[in-house]
Amino acid sequence: MKELQLKYGCNPNQSSARVYMKDGSDLPFTVLNGRPGYINLLDAFNSYQLVKELKEATGLPAAASFKHVSPAGAAVATEMSDTLKKIYWVDDLKLSPLASAYACARGADRMSSYGDFVALSDVCDAETATLLKREVSDGVIALGYSDEALAILKTKKKGNYCVLQINPDYKPRLIESKEVYGVTFEQERNEAKITTDLFKNIPTKNKDIPADAQRDLMIALITLKYTQSNSVCYVKDGMTIGVGAGQQSRVHCTRLAGNKADIWWLRQNPKVLNLPFRDDVRRPNRDNAIDVYISDDYEDVLADGIWQDLFTEKPEPLTREEKKAWIAQLHGVALGSDAFFPFGDNIERAHRSGVDYIAQAGGSIRDDNVIETCDKYNIAMAMTGLRLFHH
């Protein structure tokens with residue numbers, strides 16, 4: 001297939017949309033089901049590159065959940081606790097390593113992942129397809145699909161679920177180009193490799209970055225490589241727990257991603273785990289109710305006349321003091337930044353969300369202030385010398 005007509009471009013009024021190869025060669029993917037749109041394919045190709053690099057860097061099956069050309073979450077296959085299985089709504093499923101990776105990728109930020117495009121580093125198996133089938137999702141890209149997995153996915157969205165298979169042997173041209181306002185932009189592809197060699201320059205007093213933290217820092221940086229900039233990423237135990245994408249101010253990235261990390265951790269609080277949901281409340285509605293319950297607007301789900309639609313009995317609020325005390329227990333988080341931190345305020349905010357390890361480019365005129373703030377909290381920080389802007 002040398003050309004594919006799309007449903008439409010970024011918006012329905014942009015009705016003439018297609019993808020093709022400039023050199024006239026075949027497209028490097030096959031549509032096995034459904035009809036992709038313009039944004040679907042932007043998500044598909046960015047997310048597949050991400051999981052491909054995660055697999056190469058860690059040797060583990062990887063998955064990503066994309067929305068609007070940035071990851072809502074990404075993860076490699078690690079052992080999930082019973083608590084995580086419960087907050088990700090998968091405690092009733094048999095999970096393969098690949099399915100586990102996707103559960104963690106989507107579970108990082110379930111609100112943002114609603115209606116996601118999924119990338120898988122390996123051949124999609126039946127367990128992963130079963131999980132995909134019951135989540136609200138627009139499509140998936142993978143190296144391939146077992147017969148059972150493909151049959152399951154073809155029943156999703158009344159048979160219209162988008163299923164793409166990427167050619168594993170495809171290698172893009174080194175030079176890439178795009179047009180903006182009729183002007184053609186050209187540059188080399190960002191082929192920078194994310195390895196642990198990037199973590200050798202550690203200017204902080206604490207220079208101990210253990211193997212698991214180095215893995216998590218690699219996951220953060222690879223995720224940032226395919227996230228709209230500015231961006232900051234928090235990772236713990238092989239999974240992103242907060243991605244702050246596309247902010248003009250770096251501290252706003254750090255706050256946004258940190259707030260998402262806090263929410264991820266608060267979802268594990270016993271009060272949240274034991275919310276008495278009615279059996280007829282669907283998972284997306286539970287996700288939304290939990291998000292509101294955790295926030296300062298908790299009365300929006302606990303008010304009389306509202307809580308009865310969600311719960312079998314009225315829950316007690318999770319107070320601000322309880323939230324602060326719970327978040328203070330979060331530790332061992334790794335944070336990556338796609339460029340240097342210009343001020344120590346980023347470190348102050350990161351510390352409040354349990355960050356103990358940081359990887360950032362360095363090179364700010366205020367590096368001394370950033371290092372000093374890390375030393376204040378005994379944070380180990382590597383300066384990679386590598387910027388990872390993505391637009």
Side-chain angles (χ1 to χ4, degrees), residues 43 46 50 64-74 105 108-114 116 190 216-217 219-236 239-267 291-292 294-297 320 323-324 327-328 330 333-374 376-377 379 381-384 386-391:
D43 283 341
N46 277 282
L50 194 165
S65 170
F66 258 62
K67 284 286 293 290
H68 296 290
V69 205
S70 281
D109 184 358
R110 287 186 58 86
M111 292 289 289
S112 295
S113 284
Y114 185 86
D116 63 351
N190 186 0
D216 288 349
L217 289 173
I219 291 170
L221 295 183
I222 292 170
T223 300
L224 292 168
K225 189 177 174 185
Y226 299 101
T227 303
Q228 298 300 302
S229 298
N230 286 323
S231 52
V232 163
C233 180
Y234 293 62
V235 175
K236 183 172 172 59
M239 68 196 85
T240 66
I241 61 173
V243 181
Q247 304 301 303
Q248 289 76 19
S249 161
R250 187 149 305 275
V251 73
H252 286 156
C253 302
T254 308
R255 291 172 187 166
L256 175 60
N259 290 343
K260 290 184 177 186
D262 293 346
I263 290 170
W264 173 83
W265 182 241
L266 286 166
R267 281 158 56 197
D291 196 68
V292 176
I294 287 170
S295 75
D296 291 338
D297 299 320
R320 185 170 294 183
K323 288 189 286 188
K324 186 176 180 180
I327 291 170
L330 178 58
V333 177
L335 178 148
S337 175
D338 66 357
F340 64 65
F341 283 131
F343 300 101
D345 55 357
N346 292 274
I347 311 304
E348 295 280 357
R349 177 61 191 86
H351 166 71
R352 293 204 300 273
S353 294
V355 169
D356 289 318
Y357 313 101
I358 292 175
Q360 57 118 340
S364 166
I365 61 172
R366 299 178 182 85
D367 276 349
D368 287 349
N369 173 243
V370 174
I371 295 167
E372 181 183 358
T373 311
C374 285
K376 175 180 174 183
Y377 297 112
I379 292 171
M381 181 177 67
M383 287 188 173
T384 66
L386 178 65
R387 196 173 81 173
L388 293 167
F389 280 174
H390 180 64
H391 292 286

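Note that the structure is a prediction, hence the values are computed from the model and not measured. Side chains are part of it too, since the values below use all heavy atoms of this structure and drop only hydrogens, waters and symmetry mates.
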Partner set under side chain to side chain donor-acceptor pair (under 3.5 Å) for [X], not counting sequence neighbours:
X: Asp109; result: Ser112, Lys260
X: Tyr226; result: Glu53
X: Ser70; result: none

Residue pairs fulfilling salt bridge (Lys or Arg N to Asp or Glu O under 4.0 Å) with at least one residue in residues 340-364, sequence neighbours excluded
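Passing the test, one end in residues 340-364: Asp262-Arg349, Glu348-Lys376.
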
Tell me whether [X] contacts the main-chain N or O of [Y] through its side chain, where contact means a donor paired with an acceptor under 3.5 Å.
X: Gln360; Y: Phe341; result: yes
X: Lys225; Y: Asn190; result: yes
X: Ser113; Y: Arg110; result: no

Listed partners of [X] passing side chain to side chain contact (heavy atoms under 4.5 Å, CB included), at least two apart:
X: Lys67; result: Asp116
X: Asp368; result: none
X: Ile263; result: Arg267, Asp291, Ile294
X: Ala74; result: Leu50, Leu54, Ala64, Thr223, Thr240

Spatial distance of atom [atom1] ([X]) from atom [atom2] ([Y]) [nearest 0.5 Å]:
X: Arg255; Y: Ser249; atom1: CZ; atom2: OG; answer: 6.5 Å
X: Cys233; Y: Leu224; atom1: SG; atom2: CG; answer: 5.0 Å
X: Ile371; Y: Ile379; atom1: CD1; atom2: CD1; answer: 12.5 Å
X: Gln247; Y: Ser231; atom1: CD; atom2: OG; answer: 10.0 Å

On a heavy-atom basis, which atom in [X] and which in [Y] lie closest, and how many Å separate them?
X: Val370; Y: Gly344; answer: CG2-N, 4.1 Å
X: Gly244; Y: Leu256; answer: CA-CD2, 3.8 Å
X: Ala108; Y: Ala72; answer: CB-O, 4.3 Å
X: Arg366; Y: Pro342; answer: CD-O, 3.2 Å
X: Ala261; Y: Leu330; answer: O-CD2, 4.5 Å
X: Ala350; Y: Leu335; answer: CB-CD1, 3.7 Å

List the residues meeting salt bridge (charged side-chain N to carboxylate O under 4.0 Å, His left out) with Arg250, not counting sequence neighbours, and say none if there are none.
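If we apply the salt bridge (charged side-chain N to carboxylate O under 4.0 Å, His left out) test to Arg250, skipping adjacent residues, the hits are Asp338.
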
Using ring-ring contact (aromatic ring centres under 6.0 Å, His included) as the criterion, list what pairs up with Tyr377, not counting sequence neighbours.
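With neighbours one apart ignored, the set is His351.
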
Before giving the answer on side chain to side chain contact (heavy atoms under 4.5 Å, CB included), spell out for Thr227 and His390 the whole-Å C-alpha distance, their side-chain angles and the decisive distance to 0.1 Å.
CA-CA 6 Å; Thr227 303; His390 180 64; 5.8 Å; no

Step by step, work out the side chain to side chain contact (heavy atoms under 4.5 Å, CB included) result for Asp216 and Tyr357.
CA-CA 9 Å; Asp216 288 349; Tyr357 313 101; over 6 Å; no

Do [X] and [Y] have side-chain heavy atoms sitting under 4.5 Å apart?
X: Asp367; Y: Met383; answer: yes
X: Tyr234; Y: Val355; answer: yes
X: Thr373; Y: Asn369; answer: yes

Can you check side chain to side chain contact (heavy atoms under 4.5 Å, CB included) on Val69 and Gln228, steps first, answer last?
CA-CA 7 Å; Val69 205; Gln228 298 300 302; 3.7 Å; yes

After noting the C-alpha distance and the side-chain angles of Cys374 and Ile358, does the key distance pass the side chain to side chain contact (heavy atoms under 4.5 Å, CB included) rule?
CA-CA 9 Å; Cys374 285; Ile358 292 175; 4.2 Å; yes

